[in-house]
Amino acid sequence: MQTTEKTIADELREWEQRTLLPFTERRPESREVFRTQGGAALERVYTPAHVEDVDFTRDIGFPGQFPYTRGPYPTMYRAQPWTMRQIAGFGTADDTNERFRFLIAQGQTGISTDFDMPTLMGYDSDDERSEGEVGREGVAIDSVDDMLDLYAGIDLEKISVSMTINPSAWILLAMYLVTAEERGFDRKKLSGTIQNDIIKEYIAQKEWVYPPRPAMRLVRDSITYSAEHLPRYNPVNVSGYHAREAGSTAIQEVAFTLAAGIAYVEEVVKAGIDVDDFAPRLSFFFVSQIDFLEEVAKFRAARRVWGRVMKDRFGAKKPESMRLRFHCQTAGVSCTAREPLNNIARTAIEALAAVCGGAQSLHTNGYDEALSIPSEPAMKIALRTQQILADEVGVIGTIDPLGGSYAIERLTTDIEKGCFDYFAEVDKRGGTIKCIEDNFFQMELADAAYDLHRRKEAGERHIVTVTKYRDESANPHVELHHVDEAASGRQLARLRKTKETRDAAAVQAALDEIVRVAKTDENIMPATIAAVKARATGGEIIKALRPVFGTYVETPVF
Amino acid sequence: MPIKVLVAKPGLDGHDRGAKIVARALRDAGMEVVYTGLHQTPEMIVNAAIQEDVDVVGVSILSGAHMTIFPKIMTMLSEREVDDIAVVGGGVIQEDDIPKLKAIGVREIFNAEASTQDLIDGIERIVAETGRDRTRRASTGSAQGAPAR
């Protein structure tokens, strides 16, 4: 960056001798090393001498241009702010639909759907494994009848809809397409995202049904189907959020996520699809944690690394294949149950990091995140936080506002290097899927989580009101989301009605056809769409395929 | 004999960060720890507790299903006549539910703020109170048990 690096390095040493040393002799610093949340030691002050290896044109450059460090688009928020996408899901489809309409009325510009644990794990609401969990952590969706009610009254050609679902994602995608068709929407105009990132499930979130290899085929089929039929839809949202929430470092969050991205690209390319025919629709999802500087650097590094991977490793030609777009959520794990209104401040800072890091869409957590699923007032303040950032703070006026900061550029480059080191290790160990089967990522993550926990307990990182400034007398009561105990009964009644009114023979024939297709290498999406249309439930499809695909059993490590 | 603990993850959710940190911390404190892995039913947990002959079962729940899961575990332990095995819990458990859980025999709930040392001290205290005879147990010599299935 500078041609006078020697001089600056000399000046730095002189400053340390003349100014710093006498000062610290009188007033020593409060600790010997200051570390980022990821554990990287920070320099006292960064100078051009710390970024000698960073080249403006090669490494930083311009927004909307390779290597996309500064952003995927040349105008970023000057054209339009990020999509404000608060996630919602609880009870039955009707309950959640009401919350969606509330959020849209408050100015939300996208929808994001949280499903309950049975739906996420591929069990119907009437399965015995579902007891106590129906509609509790998200909305219960058993059949397309539920999905029709979930998005009732919402214009699916105008509002982009995100669905957080993984092992059964291809079934929910089929339900979404049947919903759109039965309501008369044009598939080609559907915009939205399905998480569908099975790799991070084995690593971090732990929602699985089948073993990794058949699960990868299902992801592949949904990507290839989408590439052909859904030009505005993101068929996979490769996610680092969960690894980080499970205790990974910032480097691991990006490295594991992009290692998953590499595995998906390899899988689809292997099926004979040109990389530029689907890579533009790959999307990503990261957390925004509380360590502001490290987070801004992380988002920038993620874009740069992915740009280089797509160009150098896969030979992508289209710029759209190389530009990483991501959704962001503030860190649930950073929220405390104690004095919960303080979480509004934490969330605002995390949201600012996401915006300074160039996120395409954002969910801000409610202040009650550590206590329950969010209440309506908590979601409203969370959404208002984003609106304040977009309309009052002024950071949307200039792109990548922290680019060029010596500290940010150093951290960005270090995270980039950490990622490529991990990719080399993963390749050496036989690739991403082999590493999952061998528990490599899982052990790396467990080590990092334990290390962070110990550093917290040792007082290196404080949590206000929990490890510092604890005030036993002040834990103000906040009104929480009320769990509707009757919701599960209502859902069971809905499911019974669907089962009673459908053509049972047609459902069985459709399930038989999915099983037949599953045993071949044909794309499984058309048969799944047909089954969903016949009102087969998610749980029935999952169960029918277990004998073909098997069931994943983890080897727990800690 | 060291205190033997089964760290158990019932329910369908995958929130295992806390369970794994607890398992490792208890192991570092010299206890013998078996971790069940995820998605266990109450029956699988009770079977594992009996099979591994543990002193304490630590149940980690963040899904909100604790008022369904704990009663089932407590009833099964009692039916199988092993109610000398102490049950403790952790995760996201709302304050109002803690007295209800204690009323059915759950010895302690360690919330997210509990430190590793609180946990170790708590488990040692509870085991001392139950006075379970640990000498009868043959040492397995393994600190990291197989998944309970």
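Just so it is clear: chains get the letters A, B, ... in the order the sequence lines come, proteins before strands, and each one is counted from 1.
Residues B:Gly11 and A:Arg129 share a closest heavy-atom pair of O-NH2, 3.9 Å. When all heavy atoms of A:Leu371 and B:Val92 are compared, the pair lying nearest together is O-CG1, 3.9 Å.
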Worked check of side chain to side chain contact (heavy atoms under 4.5 Å, CB included) between B:Ser63 and A:Arg136: CA-CA 8 Å; B:Ser63 70; A:Arg136 195 170 282 262; over 6 Å; no

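Salt bridge present: B:Arg24 and A:Asp447 bring a charged side-chain N and a carboxylate O closer than 4.0 Å. A salt bridge links B:Lys72 with A:Glu131: the closest approach of a Lys/Arg side-chain nitrogen to an acidic carboxylate oxygen falls below 4.0 angstrom. Salt bridge annotation for B:Glu113-A:Arg338: present, with a cationic side-chain nitrogen under 4.0 angstrom from a carboxylate oxygen.
The backbone N or O of A:Lys206 lies less than 3.5 Å from a partner atom in the side chain of B:His39, making a donor-acceptor pair. Looking at A:Glu554, its side chain does come within 3.5 Å of a backbone N or O of B:Leu38 through a donor-acceptor pair. Checked by atom type and distance alone, the side chain of B:Arg17 pairs as donor or acceptor with a backbone atom of A:Glu245 at under 3.5 Å.
For the side-chain contact (heavy atoms from CB on, under 4.5 Å) test with A:Glu137, the passing option among B:Leu12, B:Asp13, B:Leu62 is B:Asp13; the others fail.
If you measure heavy-atom distances from B:Asp16 to chain A, the contacts under 4.5 Å come from the side chain alone.
A heavy-atom distance below 4.5 Å is found between the side chains of A:Phe558 and B:Arg27.
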